[in-house]
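Before any comments, here is the structure.
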Amino acid sequence: QVQPVESGGGLVQAGGSLTLSCVVSGSISSRNVMGWYRQAPGNQRELVATITSGGTKNYADSGKGRFTISRDNAKNTVYLQMNSLKPEDTAVYYCNVKMGLLYSSNYWGQGTQVTVSS
């Protein structure tokens with residue numbers, strides 16, 4: 001069973017930084033996409049950033065220039081460095097792994113809370 005486990009959330013002031021980590025355990029195919037999504041109260045879950053096993057990155061407009069996604073394939077770990085945080089970045093951040101045929105296998109972590117105070 002593939003299980004992503006997030007860490008690194010917390011409370012930070014506006015303008016501050018946080019780094020989220022997600023360790024993925026279980027049988028992971030070499031070809032996969034790891035990513036971060038977030039969900040604020042009353043909102044739908046939305047994409048933050050993804051990175052393929054080959055290193056191709058994709059960012060939502062909201063995080064471009066402020067967030068950096070990276071991964072360590074040897075450790076099955078994906079990171080999200082968040083700088084210049086804003087109160088509107090407050091949300092539960094979820095780690096996601098997609099793999100398999102057409103990336104149809106989809107695994108989610110439990111989420112980690114990020115709160116940005118103004």
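As the structure is a prediction and not an experimental result, all values here were calculated from the model.
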Can you pull the disulfide (SG to SG under 2.5 Å) pairs that have at least one residue in residues 5-101, sequence neighbours excluded?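 Passing the test, one end in residues 5-101: C22-C95.
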How long is the gap from [atom1] on [X] to [atom2] on [Y], to the nearest 0.5 Å?
X	Y	atom1	atom2	result
Q81	S17	CD	OG	5.5 Å
L11	T115	CG	OG1	6.0 Å
R38	T90	CZ	OG1	9.0 Å
S21	K75	OG	NZ	10.0 Å
Q13	S117	CD	OG	5.0 Å
Y79	D72	OH	CG	5.0 Å

Over 12 non-hydrogen atoms of neighbours within 6.0 angstrom of CD in Q113: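 Yes, enclosed.
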Decide yes or no for N96 and T50: does some side-chain heavy atom of the first lie under 4.5 Å from some side-chain heavy atom of the second?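 Not touching, per the 4.5 Å side-chain cut-off.
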S25 side chain to Q3 main-chain N or O, any donor-acceptor pair under 3.5 Å?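 It does hold such a pair.
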Sub-3.5 Å donor-acceptor pair from the side chain of E6 to the main-chain atoms of Q110, do we have one?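 Such a contact is found between E6 side chain and Q110 backbone.
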Do we get R45 above Y94's six-membered ring, with its NZ or CZ under 6.0 Å from the centre and within 45° of the axis?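 Yes, R45 and Y94 form such a contact.
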Distance only, no hydrogens: is a donor on one side chain within 3.5 Å (strictly under) of an acceptor on the other, for R71 and N32?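 Judged by distance alone, the side chains do pair up.
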As a quick check of understanding, evaluate salt bridge (charged side-chain N to carboxylate O under 4.0 Å, His left out) for D89 and K86, giving each step before the final call. CA-CA 5 Å; D89 294 318; K86 306 174 182 179; over 6 Å; no
Using links of under 4.5 Å between side-chain heavy atoms of ILVMFWY residues, direct or through other members, which residues join Y107 in one cluster?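 Other cluster members: V2, V12, L18, L20, V24, I28, M34, W36, V48, I51, Y59, F67, I69, V78, L80, M82, L85, Y93, V97, M99, V114, V116.
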